[in-house]
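We name chains A, B, ... by the order of the sequence lines, and we start the count at 1 in each one.
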Protein chains: 2
Amino acid sequence: MAATAHQLFREQSTGKKKRERTRSTLLDSAISVFASKGFEATRITDITSHAELANGTFYNYYQDKDELLRDVATGLAVEITGRINDEMEGLTHGPTRVALATARLLHVARQEPEWLNVLLEGVFIVPELQSATVQYLRQDLEIGIEQGHFTIEINLLLVNQILSLIRAGLLLDPDMSDATIRQTCEAVLRLLGLTPTKSRKQVDKVFQRHLEN
Amino acid sequence: MAATAHQLFREQSTGKKKRERTRSTLLDSAISVFASKGFEATRITDITSHAELANGTFYNYYQDKDELLRDVATGLAVEITGRINDEMEGLTHGPTRVALATARLLHVARQEPEWLNVLLEGVFIVPELQSATVQYLRQDLEIGIEQGHFTIEINLLLVNQILSLIRAGLLLDPDMSDATIRQTCEAVLRLLGLTPTKSRKQVDKVFQRHLEN
DNA sequence: CTCATTTTTGAGATTTTTCTCATTTTTCTT
DNA sequence: AAGAAAAATGAGAAAAATCTCAAAAATGAG
């Protein structure tokens, strides 16, 4: 077990009984291995050996890789959306909400480089996860439309385009430098119809007010 | 061999000697199978049986799947960029060039649904292909910048964002309806800094002048 | 601490996929 | 049409991955 990264599931299960703790070990190891080799290419034994468990142990918990991915991605979705939502309290301005949510998401990706990668792969492979994870995004888009800031039509394609922009940033710069985060946020706002100048200013404002550290 | 789709490589090799013809059969079958199962999930025997060849024949031509993918994707890139370029002769207006190139690309994807899928997967897995395939795009972006129509900075991330928007359209609507093509072209122009209204008008113009059929 | 219950283990059976190569078949030049 | 060279074949060896299960080890409730 390469114990450098934050052990999300392990921490959630301390105190609980053995079964839950082992399941969590598998989930955390799956994150690491899926992130480094990709879902398709990972073998059951990659996960169990990363977890320092016997190969057979996997089968006490899951039928196959897909079932495991479902659990992993669902857990990541809950954790990540939770973290973003905490920061959004009380914001009513549509563009600010979208910019901040995007920036926060990419910020999580910087702190935990494996999470977003695995979540996006999961959303892609387990489609029923998608509607659950994009519901917040849709709400913020609708707010911005009602306020007249976004002058485009919301549809499924638009939501997928936004996810695609986020994925593009993650792919090109897995470390998520500030520059990549800013450029991605600006790209999202331009996609939603803001001018380049307004997009830039909106992102500057969000960085100053909400992401100073 | 499910002979419905256009046999790109087979046609290029008619008249040539057997070795080239068989190689082309493998390449065409690879397109079909990669497109339907995805690269990772396809087995060598999926390709040979689709091609109605013996399993061993594969190894007379390629060491492994990756080598085959390289050949397939390179051939597709040449064919597709060639088709797009044919239509771009004499156009000097940056936004028109970008909109038309995007629309033509998606149009090819409609006529040959497998090609763009496989090319994009290839570009992703065989990175050295990427710089070759995006060079045309970069040129058109620079034209638009010089003319003052695009007021954003060109960099690697921007190019990847454009590819991502294209992939998002293909993923959501593999049949590439006119609506999807238009929305994708508009999204690309907005990403480049045009207003929603200008993007819409630019795309309308391109459809009227260059894509009437 | 005890011991019934739960969990883990890993050797190996099974399944899947890759890869080889002696033989057969096809090609194509003369 | 002959026949040397080129190409295709497919059975089966080898490698890689999955999955099972009887035995061993760990757990934790009383």
Side-chain angles (χ1 to χ4, degrees), chain A residues 1-3 7 9-30 32-72 121 125-126, chain B residues 1-3 7 9-30 32-72 121 125-126:
Chain A
M1 181 174 55
Q7 306 266 109
F9 295 104
R10 216 47 230 275
E11 281 172 22
Q12 287 176 355
S13 68
T14 41
K16 301 203 173 163
K17 60 171 68 130
K18 181 83 181 172
R19 185 144 237 275
E20 277 320 294
R21 298 198 325 266
T22 300
R23 168 172 261 123
S24 297
T25 303
L26 284 173
L27 291 167
D28 283 325
S29 291
S32 294
V33 181
F34 289 161
S36 80
K37 311 187 67 164
F39 175 73
E40 281 278 6
T42 97
R43 303 290 148 233
I44 304 297
T45 55
D46 295 331
I47 296 165
T48 50
S49 67
H50 185 281
E52 292 177 322
L53 292 169
N55 154 270
T57 302
F58 174 85
Y59 299 94
N60 295 335
Y61 292 86
Y62 295 100
Q63 300 263 352
D64 54 32
K65 259 198 307 176
D66 280 75
E67 217 175 271
L68 174 59
L69 177 65
R70 217 173 297 268
D71 255 20
V72 167
E121 196 159 18
I125 292 170
V126 187
Chain B
M1 182 174 55
Q7 305 267 110
F9 294 104
R10 218 44 231 277
E11 282 171 25
Q12 287 176 355
S13 68
T14 42
K16 303 204 173 162
K17 61 170 68 127
K18 182 82 181 169
R19 185 143 239 276
E20 277 320 295
R21 301 200 319 271
T22 300
R23 168 171 262 124
S24 297
T25 304
L26 284 173
L27 290 168
D28 283 325
S29 290
S32 294
V33 183
F34 288 161
S36 81
K37 312 187 65 164
F39 175 74
E40 280 278 5
T42 97
R43 303 290 148 234
I44 304 299
T45 55
D46 295 331
I47 296 166
T48 50
S49 67
H50 185 280
E52 290 176 324
L53 291 169
N55 153 271
T57 303
F58 174 86
Y59 297 95
N60 295 335
Y61 292 86
Y62 295 101
Q63 298 265 351
D64 53 33
K65 260 197 308 174
D66 279 74
E67 217 176 271
L68 174 61
L69 177 65
R70 216 173 298 267
D71 256 20
V72 167
E121 197 160 14
I125 293 170
V126 187

Identify, with sequence neighbours excluded, every residue that meets salt bridge (charged side-chain N to carboxylate O under 4.0 Å, His left out) alongside A:Glu20. A:Arg23
Okay, side chain of B:Thr22, backbone of B:Arg19: is any donor-acceptor separation there less than 3.5 Å? no
Select base, sugar-phosphate, or nothing to describe what A:Arg23 touches, counting heavy atoms under 4.0 Å on all strands. nothing
Answer yes or no: is there a side-chain heavy-atom contact under 4.5 Å between B:Phe58 and B:Thr45? no
Return the 5'-most residue of the pair B:Arg43, B:Arg21 with respect to DNA chain C, ranking by each residue's nearest nucleotide. B:Arg43
Donor-acceptor contact below 3.5 Å, side chain A:Asp28 vs main chain A:Phe9: yes
5'-most to 3'-most nt of DNA chain C touching chain A (<4.0 Å, heavy-atom partner on protein side) reads C:dT7 to C:dA11
Heavy-atom closest pair, residues A:Gly38 and A:Thr42: O-CG2, 2.6 Å
Give the rounded distance in Å between these two atoms: CG of B:Asp64 and C1' of D:dA16. 16 Å
Sorted by chain and number, sequence neighbours left out, side-chain contact (heavy atoms from CB on, under 4.5 Å) with A:Asp64 holds for A:Asp66, A:Glu67
Would you say the side-chain atoms of A:Thr14 and A:Arg21 include a donor-acceptor pair closer than 3.5 Å? no
Test salt bridge (charged side-chain N to carboxylate O under 4.0 Å, His left out) applied to B:Lys37 - qualifying residues, sequence neighbours left out: B:Asp46
Whole angstrom value for the distance that separates P of D:dA13 from OH of B:Tyr59: 17 Å
I want to confirm an ordering. Mapping B:Thr42 and B:Lys16 to their closest nucleotides on DNA chain C, which one lands closer to the 5' end? B:Thr42
Counting only N and O atoms by type, is there a donor-acceptor contact under 3.5 Å from the side chain of A:Ser29 to the main-chain atoms of A:Leu26? no
OG1 of A:Thr48 to OH of A:Tyr61: how many Å apart, nearest 0.5 Å? 13.0 Å
Sugar-phosphate or base contact per nucleotide [nucleotides 3-10 of chain D; S, B, -; heavy atom under 4.0 Å]: ----SBBB
Quick one: stems involving DNA chain D, counted as three or more successive Watson-Crick or G-U pairs, both distances short of 3.5 Å. C:1-30 with D:1-30
Evaluate whether atom CD of B:Gln63 has more than 12 neighbouring non-hydrogen atoms of other residues, nucleotides or ligands under 6.0 angstrom away. no
